[in-house]
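I have placed the structure first, in the form of structure tokens, so that the comments after it can refer back to it.
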Amino acid sequence: MAEDLDELLDEVESKFCRPDPLRLGTVELPRGGGGGFFGNDQNRAEAKKNLRSAETFEEEDDLDSLINEIFEEPHLNKKCFKLKSKSSGNTSVRASTQGLGKSCSPVYIGGSTVPCGIGTNTSQRACDRLRCTACDFWVESYDDCRWDKSCDYLFFRNNMPEFHKLKTKLVKKKGTRAYACQCSWRTVEELTDLQTDRQLRWVCGKH
């Protein structure tokens with residue numbers, strides 16, 4: 001049994017140890033009583049340990065070379081791993097939405113003599129950011145004008161918000177203001193709280 005082991009070690013030495021003894025960290029010892037390259041059990045254990053470390057070293061070399069080959073492939077360009085910044089595209093959107101934060105309370109409409117702006121109990125201004133919750137159109141207003149009595153729903157439905165079509169039904173009248181969305185219209189001369197007109201679905205679209 002010992003002779004077979006010695007022969008096996010001799011064969012291993014010839015294949016792995018002798019060509020590159022410095023790489024394996026071994027030192028040739030004179031042949032001892034065991035009849036092999038290593039003279040005793042301690043030397044045999046060292047040989048096995050060195051063989052294992054040699055195999056591990058070779059496996060690590062193979063793994064490193066494989067990784068290098070993968071990253072040298074043209075389709076794995078490092079630029080592909082760069083993440084695009086999403087903050088730049090959203091900056092302008094956030095800035096615009098932050099500016100639109102104030103609403104009228106209560107919401108007023110009025111004639112051309114009533115100043116436009118954010119309406120409050122103390123600052124009674126006509127809202128110029130009205131939006132209709134029924135048709136989802138912005139409310140247009142025209143100073144010193146009133147709507148002709150012949151206006152009907154289909155007229156605004158078909159022509160809103162194109163001014164060159166709407167002006168055919170606008171009549172000059174100083175001090176009034178003509179309001180309209182796609183489904184409703186009003187001619188106003190005095191400051192009016194929208195809560196008093198239940199038919200209108202107009203709300204402040206924020207300033």
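- The pair Asp197-Arg186 meets the salt-bridge criterion, since a charged nitrogen lies less than 4.0 angstrom from a carboxylate oxygen.
- Residue Gln195 qualifies as open at atom CD: its count of foreign heavy atoms under 6.0 Å is 12 or below.
- Taking all atoms of both residues into account, the shortest heavy-atom contact from Thr196 to Thr192 is OG1-CG2, 3.7 Å.
- In this structure, Leu194 is not a member of the same hydrophobic cluster as Tyr108, with clusters built from ILVMFWY side-chain heavy atoms closer than 4.5 Å.
- Nearest heavy-atom pair, Ile118 versus Arg125, reported as atom, atom and distance to 0.1 Å: O-CD, 3.8 Å.
- Here the CG-OG distance, from Leu130 to Ser141, works out to 8.0 Å after rounding to the nearest 0.5 Å.
- Looking at Ser150 and Lys169, their side chains do bring a donor and an acceptor atom within 3.5 Å of each other.
- Side-chain atoms of Gln182 do not come within 3.5 Å of backbone N or O of Met160 as any donor-acceptor pair.
- In this structure, Asp152 contributes its side chain and Phe155 its backbone to a donor-acceptor pair below 3.5 Å.
- Using modelled atom types, one side-chain atom of Thr176 and one backbone atom of Cys145 make a donor-acceptor pair closer than 3.5 Å.
- Linking ILVMFWY side-chain heavy atoms closer than 4.5 Å, directly or via other members, places Leu200 and Val188 in a single hydrophobic cluster.
- Closest approach of Ala126 to Gly110, counting heavy atoms only: CB-N, 3.9 Å.
- Using modelled atom types, one side-chain atom of Arg129 and one backbone atom of Lys206 make a donor-acceptor pair closer than 3.5 Å.
- Rounded to the nearest 0.5 angstrom, Asp143 CG and Lys173 NZ are separated by 14.5 Å.
- Ring geometry, Phe156 versus Trp147: the interplanar angle exceeds 60°, so the pair is classed perpendicular (tilted spans 30 to 60°).
- Between the side chain of Asp144 and the main chain of Gly175, a donor-acceptor pair closer than 3.5 Å is present.
- For the pair Arg177 (side chain) and Gly111 (backbone), a donor-acceptor distance under 3.5 Å is present.
- No chain of hydrophobic side-chain contacts below 4.5 Å, direct or via other Ile, Leu, Val, Met, Phe, Trp or Tyr residues, connects Val114 to Ile109.
- Ser123 places no side-chain N or O within 3.5 Å of a backbone atom of Thr120 that could act as its donor or acceptor partner.
- Ring pair Phe163/Tyr142: centre-to-centre distance below 6.0 Å.
- Here the OH atom belonging to Tyr179 is positioned 8.5 Å from the CG atom belonging to Asp128, to the nearest 0.5 angstrom.
- Judged by distance alone, with hydrogens and angles left aside, the side-chain atoms of Ser184 form no donor-acceptor pair with the main-chain N or O of Cys181 at under 3.5 Å.
- Using a cutoff of 4.0 Å between basic side-chain nitrogens and carboxylate oxygens, Arg131 and Asp136 are scored as salt-bridged.
- Proximity of His207 to Cys127: side-chain heavy atoms (C-beta onward) are separated by under 4.5 Å at one or more points.
- In this structure the side chain of Phe137 reaches within 4.5 angstrom of the side chain of Pro161, judged on heavy atoms.
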